[in-house]
Amino acid sequence: MDNDDIKILLARYITNQASEAEAREVKHWIGLHPENELYFIELYEAWQNMLYLKPETIDEEKAYQLFSEKVAPKKQIIHSLRWFKYAAVLFIVLVSVVLLTYLRPTHPDSNRQVIAKNGSVKKIILTDSTIVWLNAGSTLKYDAGFGKTNRTVYLEGEAFFDIGHHIKTIPFIVNTKNYAIRDIGTRFNLKAYPADPFFETTVVKGEVAVAANLENNQHEVNLIYVKPHQLLRIYYHPEKQDQKEIASPAHSYNEVQVSQIDSAKMDVYAGWKDDLLVFDGNTLNEISKVLERRYNVQIELNDNQLQNIRYSGSFKNVPDIDKVLSIIKQNTPINYTIDGQKVTITKTN
């Protein structure tokens, strides 16, 4: 097969249009060389990311631009612009069909959704044997084809993933608002709350690859690999938090931090799933956000200086916020009052 034949075959396979014979050809081609596997995964990720675009944003020019910017610059395998436009149009048509099938508001049952409300943590097992712990204030979405035609989920909030590997031919992908993660290993924590100024993932075992989503990759690093006991944190540029504040392109890159995590401190990032809260020099402002979600309360800090007070400590199976704050109070200059779901923290004189 020449390059054009391979490209068409891959497009058919990824969009579930391939026959059994064609599927065997694709699997054989993927196994011939690691570069083939990488190219396939990139196309597959691009396709899965496009599934989350809203129907009204799908048009030939925009879809072609998104797809070409994601894939074309990276591989010399694409030589024919004429074929590429044909492939892009094919993707546009198929994306529209899938969107109409899965994302139309007239068919709300076509998508699965799991919600962990504030004050609760949920544990679910997906059809591919992946175990997911969903932290308070989080939502996990996936479509009816999960485990069959795709292994893609959408996360808003925080979750810990223990990936099942019974289905090795379909990559496991987690989409968030700004970034997507592809699992290359086994266990990782992912934090992407809309109100937080950062995206964060911590790998316990295995490896993950992180890339900017198609709609948000104008100024982003293309791919970051995170290895065991590493923490990746990406601070959003202010323009992502406040659309009124637009920076010049020269200063619009997000801040990216990768750090090594000691095994003894992994609970700081993943202990919540075992009912363990661990703070390691966190500010009271950061701690308040965690406690609000954990105990379904609203916390008011009535002094700006309170926000920067730092605290370290751990809490195991603590049933209410009163107990947590009483312990924090022993080592920090604070007082607090609780009125129903409202907590007010003041600074001691």
Side-chain angles (χ1 to χ4, degrees), residues 113-124 132-141 155-161 176-177 189-202 231 233 235-236 238 240-242 261 264-349:
Q113 179 172 283
V114 181
I115 299 175
K117 297 181 179 180
N118 282 348
S120 67
V121 173
K122 286 193 174 181
K123 178 182 177 181
I124 58 175
V132 183
W133 288 261
L134 199 59
N135 205 355
S138 303
T139 300
L140 186 76
K141 299 177 183 178
L155 174 67
E156 184 175 284
E158 183 172 17
F160 185 93
F161 295 87
T176 67
K177 181 180 179 181
N189 193 75
L190 177 56
K191 190 174 186 180
Y193 283 104
D196 284 353
F198 59 84
F199 166 96
E200 177 184 284
T201 186
T202 310
L231 164 72
R233 179 175 286 187
Y235 288 92
Y236 302 132
K240 289 189 179 296
Q241 296 295 104
D242 183 357
I261 305 300
K265 291 190 175 183
M266 289 304 294
D267 283 338
V268 173
Y269 306 97
W272 60 266
K273 70 182 181 63
D274 299 313
D275 204 13
L276 179 64
L277 294 178
V278 182
F279 303 114
D280 185 24
N282 297 87
T283 65
L284 197 57
N285 185 50
E286 294 170 333
I287 292 171
S288 294
K289 291 180 180 179
V290 173
L291 297 181
E292 282 183 330
R293 291 189 287 253
R294 186 69 172 183
Y295 295 104
N296 191 25
V297 296
Q298 291 183 333
I299 298 178
E300 178 182 340
L301 302 174
N302 73 346
D303 188 320
N304 289 335
Q305 293 182 352
L306 283 171
Q307 298 185 14
N308 296 320
I309 292 177
R310 294 188 178 274
Y311 177 81
S312 297
S314 60
F315 304 85
K316 177 69 174 177
N317 296 325
V318 179
D320 59 74
I321 192 169
D322 187 16
K323 180 65 173 176
V324 173
L325 291 177
S326 68
I327 295 174
I328 293 177
K329 181 182 175 181
Q330 295 174 10
N331 299 293
T332 55
I334 67 167
N335 284 317
Y336 68 92
T337 59
I338 300 176
D339 183 10
Q341 299 302 109
K342 183 178 181 180
V343 179
T344 302
I345 300 178
T346 58
K347 188 176 181 181
T348 57
N349 298 325

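Numbers here simply count residues along the sequence, with the first being 1.
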Asks: Donor-acceptor pair, distance only, cut-off 3.5 Å: does the side chain of T283 make one with the backbone of I309?
Replies: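 Checked: no pair found.
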Asks: Go through the steps for F199 and T176 under the test side chain to side chain contact (heavy atoms under 4.5 Å, CB included), then give the verdict.
Replies: CA-CA 9 Å; F199 166 96; T176 67; 3.8 Å; yes
Asks: Tell me, with the steps shown, if V121 and L134 meet side chain to side chain contact (heavy atoms under 4.5 Å, CB included).
Replies: CA-CA 6 Å; V121 173; L134 199 59; over 6 Å; no
Asks: Is the closest basic N to carboxylate O distance between E300 and K342 below 4.0 Å?
Replies: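 A salt bridge links E300 with K342.
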Asks: Verify the neighbour count for atom CD of Q341: are there more than 12 heavy atoms of other residues, nucleotides or ligands below 6.0 Å?
Replies: yes
Asks: Go through the steps to decide whether K316 and D275 satisfy the test salt bridge (Lys or Arg N to Asp or Glu O under 4.0 Å), and finish with yes or no.
Replies: CA-CA 6 Å; K316 177 69 174 177; D275 204 13; over 6 Å; no
Asks: Do the numbers put R293 on top of the ring of Y193, so that NZ or CZ is under 6.0 Å from the six-membered ring centre and no more than 45° off the axis?
Replies: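 Here R293 passes the 6.0 Å and 45° test against Y193.
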Asks: So, applying side-chain contact (heavy atoms from CB on, under 4.5 Å) with L284, which one of N308, I299, I334, T332 is it?
Replies: I334
Asks: So, W133 versus E158: side-chain donor-acceptor pair below 3.5 Å or not?
Replies: no
Asks: Between the side chains of K329 and N335, is a donor N or O closer than 3.5 angstrom to an acceptor N or O?
Replies: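 A pair is found: one side chain offers a donor N or O, the other an acceptor, under 3.5 Å apart.
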Asks: Taking atom CD of Q113 as the centre, does the number of heavy atoms from other residues, nucleotides or ligands within less than 6.0 Å exceed 12?
Replies: yes
Asks: Under the side chain to side chain contact (heavy atoms under 4.5 Å, CB included) rule, what do Y295 and V318 come out as? Steps first, then yes or no, please.
Replies: CA-CA 10 Å; Y295 295 104; V318 179; 3.7 Å; yes
Asks: If you count heavy atoms of other groups shown closer than 6.0 angstrom to CG of N331, is the number above 12?
Replies: yes
Asks: Does the D320 side chain pair with the main chain of D322, one donor and one acceptor, at a distance under 3.5 Å?
Replies: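 A pair under 3.5 Å: yes.
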